[in-house]
Peer 1: 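I am attaching a structure below and will ask some questions about it afterwards.
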Amino acid sequence: MNFRSDNTSPAAPEILDAIVRANAGKRPSYSDDDATRRVEAMFRDLFACDLDAHLVATGTAANALALAALTPPTGAVLCHREAHIETDECGAPEFFTGGAKLVLIDGAAAKIDPEGLREAIARNARGVHSVAPAVVSITQASERGAVYAPDEVAALADIAHAAGLALHMDGTRFANAVAHRHCHPAELANRAGVDVLSFGATKNGALAAEAIIVFDRTRAGNVERLRKRAGHLVSKHRYIAAQFEAYLDNDLWLRLASRANALAARIADAAGDWLSAPCQSNQVFIKPGAAILAKLRAAGGEFYDWGGDGAGEARLVVSWDQGEGDVDAFIAAMRAARAG
Ligand SMILES: Cc1ncc(COP(=O)(O)O)c(C=O)c1O
């Protein structure tokens, strides 16, 4: 019953097969290969628009490079207090932007709300004395497993753009968000006003593959050189491209995410009033108290505590390959713990 993280899951067989197929013979290096051209075309089809796709190996690199392209060193990145870029990237956004400041905003379920965004922009408009807000970064699905609806993304994009800021989306779990909404991917991204998207694949079945999708080249024209300088232009680029070809082919990305979401929803239903955030993706947050969490662990449950020491809260992440038996067993453990 390992629900620690979707990073603990293996790579999907379709993706490993694609890597093996890509292993034949010599190919041009540094993204000059045919597979990379095909992946770029697949992304253009997926979002039904012109775009640039820059492939990297980690989500932290995707976020930090996207933000570096969108922010001058004296700028500010406005994000939620619980955003991964704030809490879990070891200062990579600050480092790669050359010193831009992260300005933190609150909001339920780790989502930025429009009022909070307006206030943060106004608070940082003190001329030379403050950093200059340059980009808003939102996470889809959020660090609390919630999904921004298309109109919620559009509302934030409108505020950002009206103030001259760009909108970045950390879409490390974009697949789970699209699967939850049952919508066209463009509705949650370019059509809603997202300028640059970090499109994740690793957590949802890839081995190591993330894409920086630039919808607005006028705002983020320099990703190519920033990626090289950061050491993230992979020389044998065909292997990253092969992962994306398999991931996007025949909607594998959505099938894997839908499966994980559906299993997470079963746990959330069974959790009842223990649920501490809406379950809209493959993450389930429960707050049954420390004693119950201890019982769930004693029954074999593996998960991280959440919400600070002694909060009695936990995060369960359901992976694309999670066994149904794990889910059944965890639900049974919750019932037994509740019964005393
Ligand atoms: C919301 C979010 N963004 C970005 C990342 C970064 O991914 P990586 O660990 O590949 O750098 C993670 C990883 O856990 C994440 O959960």
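Every number for a ligand or one of its atoms is a count from 1 in the order of the listing.
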Peer 1: Any N or O of Gly59 that comes nearer than 3.5 Å to an N or O of ligand 1?
Peer 2: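 In this structure, Gly59 places an N or O atom under 3.5 Å from an N or O of ligand 1.
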Peer 1: What protein heavy atom is closest to atom 16 (O) of ligand 1, reported as residue, atom name and distance in Å?
Peer 2: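 Checked against all protein heavy atoms, atom 16 (O) of ligand 1 sits closest to Arg173 NH1, 3.3 Å.
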Peer 1: Is there a nitrogen or oxygen of Glu89 sitting under 3.5 Å from a nitrogen or oxygen of ligand 1?
Peer 2: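 N/O-N/O distance below 3.5 Å does not exist for this pair.
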Peer 1: Please write down residue, atom name and distance for the protein heavy atom closest to atom 11 (O) of ligand 1.
Peer 2: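 Looking only at protein heavy atoms, the one closest to atom 11 (O) of ligand 1 is Thr60 OG1, 2.6 Å.
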Peer 1: Under 4.0 Å, heavy-atom basis, I'd like to know which part of Thr172 is in contact with ligand 1: side chain, backbone, both or neither.
Peer 2: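 The side chain, only.
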Peer 1: Any heavy atom of Lys203 sitting closer than 4.0 Å to ligand 1?
Peer 2: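 Yes, that is the case, since the closest heavy atom of the residue is under 4.0 Å from the ligand.
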Peer 1: May I ask you to establish whether Arg144 and Phe285 are in a cation-pi arrangement, using a distance under 6.0 Å from NZ or CZ to the six-membered ring centre and at most 45° from the ring axis?
Peer 2: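 Yes, Arg144 lies over the aromatic ring of Phe285.
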Peer 1: Below 3.5 Å, N or O to N or O, backbone or side chain included: is there any such pair between Glu143 and ligand 1?
Peer 2: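 Between Glu143 and ligand 1 (N or O atoms, distance only) the closest approach is not under 3.5 Å.
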Peer 1: Any side-chain to backbone donor/acceptor pair from Gln280 onto Val147? Under 3.5 Å, distance only.
Peer 2: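 Looks like yes, one N/O pair under 3.5 Å.
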Peer 1: Tell me whether Asn63 reaches ligand 1 (any heavy atom closer than 4.0 angstrom to a ligand atom).
Peer 2: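 The answer is yes: ligand 1 sits under 4.0 Å from a heavy atom of Asn63.
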Peer 1: Looking at Asp45 and Arg38, does any basic side-chain N land under 4.0 Å from a carboxylate oxygen?
Peer 2: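 So Asp45 does not pair with Arg38 through a salt bridge.
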Peer 1: Do the side chains of Arg297 and Asp305 get close enough for a salt bridge, i.e. N-O under 4.0 angstrom?
Peer 2: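 A salt bridge links Arg297 with Asp305.
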Peer 1: Report, in ascending order of atom number, the atoms of ligand 1 lying under 4.0 Å from any heavy atom of Thr139.
Peer 2: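 Per the distance check, 1 (C).
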Peer 1: Mark yes or no: Arg255 above the aromatic ring of Trp320, with NZ or CZ under 6.0 Å from the six-membered ring centre and no more than 45 degrees from the axis.
Peer 2: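 Negative - Arg255 is either too far from the ring of Trp320 or too far off its axis.
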Peer 1: Please work out whether the ring planes of Phe199 and Tyr247 are parallel, tilted or perpendicular, with thresholds of 30° and 60°.
Peer 2: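 If you compare the ring of Phe199 with that of Tyr247, the planes turn out perpendicular.
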Peer 1: Among His237, Glu245, Arg238, find the one that has a side-chain hydrogen bond (donor to acceptor under 3.5 Å, both in side chains) with Thr36.
Peer 2: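 Single side-chain hydrogen bond (donor to acceptor under 3.5 Å, both in side chains) partner of Thr36 among His237, Glu245, Arg238: His237.
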Peer 1: Measure Asp170 to ligand 1 on non-hydrogen atoms and call it side chain, backbone, both or neither using the 4.0 Å cut-off.
Peer 2: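 Only the side chain of Asp170 comes within reach of ligand 1.
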Peer 1: What's the shortest distance from atom 5 (C) of ligand 1 to any protein heavy atom, and which residue and atom give it?
Peer 2: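 Nearest neighbour among protein heavy atoms for atom 5 (C) of ligand 1, to 0.1 Å: His84 CE1, 3.2 Å.
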Peer 1: Going by the atom numbers of ligand 1, which of them fall below 4.0 Å from some non-hydrogen atom of Thr58?
Peer 2: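 Once the distances to Thr58 are compared, the set is 10 (O), 11 (O).
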Peer 1: Looking at Ser31 and Arg227, what are the two nearest heavy atoms and their distance?
Peer 2: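 The pair with the smallest heavy-atom distance is OG-NH2, 4.0 Å.
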